[in-house]
Student: 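Quick one: the structure is below, and I'll ask about it shortly.
No hydrogens, no waters, no symmetry mates; every other heavy atom, side chains included, goes into these values. Below, chain A is the first sequence line, B the second, and so on; all start at residue 1.
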Protein chains: 4
Amino acid sequence: MVRSERKEREFNTRRAEILEQAEKIFASKGFHDVTMAEIAGASGFSIGSLYQFFKGKEHLYSTMISEKIDLMYQKIHQEVKSAKGLIDQIDALIEAQLHFVDNNADFCRIFLRGENEALSKMMTSNREQLINDYYQHISFIEKILKSGIKNGLLRSLPPRDLANALSHLIRAASVDWLLMPSKESLSLKRKFILDIFLHGAQKHN
Amino acid sequence: MVRSERKEREFNTRRAEILEQAEKIFASKGFHDVTMAEIAGASGFSIGSLYQFFKGKEHLYSTMISEKIDLMYQKIHQEVKSAKGLIDQIDALIEAQLHFVDNNADFCRIFLRGENEALSKMMTSNREQLINDYYQHISFIEKILKSGIKNGLLRSLPPRDLANALSHLIRAASVDWLLMPSKESLSLKRKFILDIFLHGAQKHN
Amino acid sequence: MVRSERKEREFNTRRAEILEQAEKIFASKGFHDVTMAEIAGASGFSIGSLYQFFKGKEHLYSTMISEKIDLMYQKIHQEVKSAKGLIDQIDALIEAQLHFVDNNADFCRIFLRGENEALSKMMTSNREQLINDYYQHISFIEKILKSGIKNGLLRSLPPRDLANALSHLIRAASVDWLLMPSKESLSLKRKFILDIFLHGAQKHN
Amino acid sequence: MVRSERKEREFNTRRAEILEQAEKIFASKGFHDVTMAEIAGASGFSIGSLYQFFKGKEHLYSTMISEKIDLMYQKIHQEVKSAKGLIDQIDALIEAQLHFVDNNADFCRIFLRGENEALSKMMTSNREQLINDYYQHISFIEKILKSGIKNGLLRSLPPRDLANALSHLIRAASVDWLLMPSKESLSLKRKFILDIFLHGAQKHN
DNA sequence: GATGAATGAGCGTTCATTCAT
DNA sequence: GATGAATGAACGCTCATTCAT
């Protein structure tokens, strides 16, 4: 039916609106200090309506988290894929992730709080999904680096560990920036991250 | 008075017992899903007794976190200070931190839901203390690396960024290990971390 | 909207029902020995519902007190205003107050444990309101007596003190009656109060 | 034994010390906001010791109240008895009671709060004792007034009601004074009370 | 479908009282 | 006798979820 298609479009629009408002509120106050009434008010829906879109508060929260993170992964992978050559791909990876953090500071700060413990409760399925997505992301990086090793551009180190290292070097800069109020744009760290990842800290003569 | 000395010893023993049990429980369930009654039961005290040692649930939690973290910093700094030479010091730093994670996996997992300093849950004073301690730790690493730059052993990069990078490379391995149930000892990553930090991933001809 | 009008009517009905039950319970057990669960049970609402009508236990209590007292003042003033002549007005005042006590014995007994204004239990704003209302009531009596002095019907004594005296003579009879279980109607004291207030106890030859 | 006599003297001294401190604290904070630990601290005894003198908090409180009130009655009766002639006796009654209120304002203010509801709980025996003492006091006044009637000095009105009236006229002035912060000495009301009680408010030609 | 009033389980905390020392 | 640490029952309040309208 055509009608049901429109309905579904509308459904998705409303759902997205709720998620958008929920993100803002959760980002600013954490999980436990937010009430369903608050989200209902901010998104212009009634409390009851929220339950047509999400099974409950936890579901709403974890959906918001995982959809946003998936979006991040998507963007990153897209940027990386459109880059040519190993170094450029790594650079694109760094740039894309820093860019996301830069533009979603409040959201990212959620992870500096202890709030995603919410996920540890009932939402095991969602939590596992999140970890799974993370692994996939790491695997994605791993694959790139593996090809670098194959090409002889990178040293022959365990690719999984390399991927982890690269990922956390980006995170290092991000966390530092998130904790510090008002500093220069996070993108300035891009070169440093690439440099330290490729060449290390030691001076070579 | 001799008597008050014994009392104080007993007081500290009991306090430590509570903290030990609280750590286990908080580690497995987070902050909000734990009740004072649960901690009381596990530690063999009455609910009321808990309040002779801690001002409330938050205080108990934040005390547990910060005392444990301070212990980690102490151990690390101690190990590093007893090492001679830049490389050995960095190695000691890595080893000491991996060792702590290895021996306190449950505790560390708290931080997988919540970053290094974990939390809005803490009374501001305690939270600030914790952040302060973290900064001091980073500064400690920074100082070592700075001397390495001075000596010409390390490249002339921003020492603060280097310290951050090193710290997160250790974290990278730790997180990977913490997420994976049952693997080899975390210490095996020691050499890799040192290697990647010093020489980077790129092959140099 | 018509709808909201009905809702409001319902809201007020429910609110009044709670207050009515709360009055009975508070009157019989005081403030501290009453639980919200008890009031909820007696009034046929859930605990949570109580909080839709009142901010908390204190608010419920002080609202009950002050609304009832205001009602008493209203009735008294109304009766007095519809009387003509000084003596009749004083008589109406006595009669109206005795009548209220007669019909609200349990409520009034609250004040035998705690004076006219009853309480530290109230939010300051409400407490002040209550004291203010009391002063207004005394002023109301004062005004009547003042006109009696002007007319030469009453002796030239401080009107405020006279008002106080009259008010407490009524109280004297009320307290005596409230403390004695099962006696004749309180209204029988009406003549005595008027007599003693006007002519005093001494025999004049 | 002589020894047990000294013991008893000591016991009574300590008991009185506790009651004295308890009065101050209860007077300033009411019943429920005072802890046994607070009284113990203020009176220089341990918590446990308090229970050697009183069965519990309520017992301590009600004992303090009734002993103090009994003291008041004693003083009043004593003053009255040493006065000669009806009018002087009534005057002594008024003066003695105003004097007590003047010197024990904080204590008296307890009764303007709703705290003696404490007595409504378990301490039925004590509460009854208190009411009984009150009745005895009223009876004492009644007897004096009755003799006045017999002598033809007072009008032939129900002596019990007269006693009540006189008692509450004194109370009227006391309450007014207690509620007002900083005013002239309460004793100034003495003449007014006597005057209004004897002659009433109406002008007689 | 949409609403939001009603529900009631759940928890942190206090403090009078007890009792081992 | 004196102490004060230990006990644990008790209660106000919140808020996710439901369901009658």
Side-chain angles (χ1 to χ4, degrees), chain A residues 7 10-11 14 31-41 44-61 122, chain B residues 3-4 6-7 10-11 14 31-41 44-61, chain C residues 3 6-7 10-11 14 31-41 44-61, chain D residues 7 10-11 14 31-41 44-61 121-122:
Chain A
K7 285 250 172 169
E10 272 183 19
F11 180 91
R14 291 165 197 273
F31 178 77
H32 278 98
D33 291 344
V34 168
T35 66
M36 289 301 267
E38 203 170 351
I39 296 171
F45 291 86
S46 68
I47 294 177
S49 295
L50 259 40
Y51 285 83
Q52 286 182 326
F53 298 93
F54 305 97
K55 267 175 271 176
K57 190 185 174 190
E58 283 192 16
H59 184 227
L60 170 47
Y61 180 72
M122 180 196 85
Chain B
R3 178 111 167 294
S4 90
R6 183 170 59 80
K7 286 253 170 169
E10 272 183 19
F11 180 91
R14 291 165 198 275
F31 178 79
H32 274 101
D33 290 342
V34 169
T35 67
M36 289 301 266
E38 204 171 350
I39 297 172
F45 290 87
S46 67
I47 293 176
S49 293
L50 261 39
Y51 287 83
Q52 287 181 327
F53 297 92
F54 305 97
K55 268 174 265 176
K57 192 185 173 190
E58 278 198 11
H59 185 226
L60 170 49
Y61 182 70
Chain C
R3 178 108 165 299
R6 183 169 59 81
K7 287 254 170 169
E10 273 183 19
F11 180 91
R14 294 166 196 274
F31 178 78
H32 274 101
D33 289 343
V34 169
T35 67
M36 289 301 269
E38 203 170 351
I39 297 172
F45 290 87
S46 67
I47 294 176
S49 293
L50 261 41
Y51 288 85
Q52 286 181 328
F53 297 92
F54 305 96
K55 267 175 267 175
K57 193 185 172 189
E58 278 197 12
H59 185 227
L60 170 49
Y61 181 70
Chain D
K7 285 249 172 168
E10 273 183 17
F11 180 90
R14 293 166 197 273
F31 178 76
H32 278 99
D33 290 343
V34 168
T35 66
M36 289 301 266
E38 204 171 350
I39 297 171
F45 291 87
S46 68
I47 294 177
S49 294
L50 259 42
Y51 286 83
Q52 287 182 324
F53 297 92
F54 305 97
K55 268 177 268 174
K57 190 186 174 187
E58 283 192 17
H59 184 227
L60 170 48
Y61 180 72
K121 277 193 288 189
M122 179 196 86

Student: Look at the side chain of B:F45 and decide which nucleotide, out of F:dT7, F:dA2, E:dA5, has an atom nearest to it.
Tutor: F:dT7
Student: Given that D:V34 and A:F53 both sit by DNA chain E, which one's nearest nucleotide is further toward the 5' end?
Tutor: A:F53
Student: Between P on E:dA16 and CD1 on D:I39, what's the gap in Å once rounded to a whole number?
Tutor: 8 Å
Student: Do you know the tightest heavy-atom contact between A:F31 and A:E58?
Tutor: CZ-CG, 3.7 Å
Student: Give the rounded distance in Å between these two atoms: CG of A:L50 and C1' of F:dC15.
Tutor: 14 Å
Student: Rounded to the nearest Å, what distance is computed from the CD atom of residue D:E58 to the P atom of nucleotide E:dC15?
Tutor: 15 Å
Student: Closest approach to the side chain of A:K57, judged atom by atom: which nucleotide of E:dG12, F:dT17, F:dG12 is it?
Tutor: F:dT17
Student: Nearest whole angstrom, please: distance from the P of F:dA5 to the CD of B:E10.
Tutor: 11 Å
Student: Could you give the CE-to-C1' distance, from A:M36 to E:dT7, as a whole number of Å?
Tutor: 16 Å
Student: Starting at CD1 of D:I47 and ending at P of F:dA5, how long is that distance when rounded to a whole Å?
Tutor: 8 Å
Student: Could you check which nucleotide pairs with F:dA20 in any of the strands shown, counting Watson-Crick or G-U wobble with both distances under 3.5 Å?
Tutor: E:dT3
Student: Please confirm whether A:F11 and A:F53 have ring centers closer than 6.0 angstrom.
Tutor: yes
Student: Which whole-number value in Å describes the distance from A:Y51 OH to E:dA5 P?
Tutor: 15 Å
Student: Among F:dA6, E:dG4, E:dG1, which is the nearest nucleotide to the side chain of A:Q52?
Tutor: E:dG1
Student: Check whether any side-chain nitrogen or oxygen of B:R14 sits under 4.0 Å from OP1 or OP2 of F:dA5, and answer yes or no.
Tutor: no
Student: On a heavy-atom basis, which atom in C:I47 and which in C:A40 lie closest, and how many Å separate them?
Tutor: N-CB, 3.8 Å
Student: Please name the pair of heavy atoms, one in B:H59 and one in B:K55, separated by the smallest distance, quoted to 0.1 Å.
Tutor: ND1-N, 2.9 Å
Student: As an exercise, state the distance from NZ of D:K57 to CG of D:L60, rounded to the nearest 0.5 Å.
Tutor: 9.5 Å
Student: Checking all strands, does D:G48 fall into the base, sugar-phosphate, or nothing category for heavy-atom contacts under 4.0 angstrom?
Tutor: base
Student: Between C:G56 and B:S49, name the one whose nearest nucleotide on DNA chain F is closer to the 5' end.
Tutor: B:S49
Student: Mind calculating the distance between NZ (B:K55) and C1' (E:dC15) to the nearest angstrom?
Tutor: 19 Å
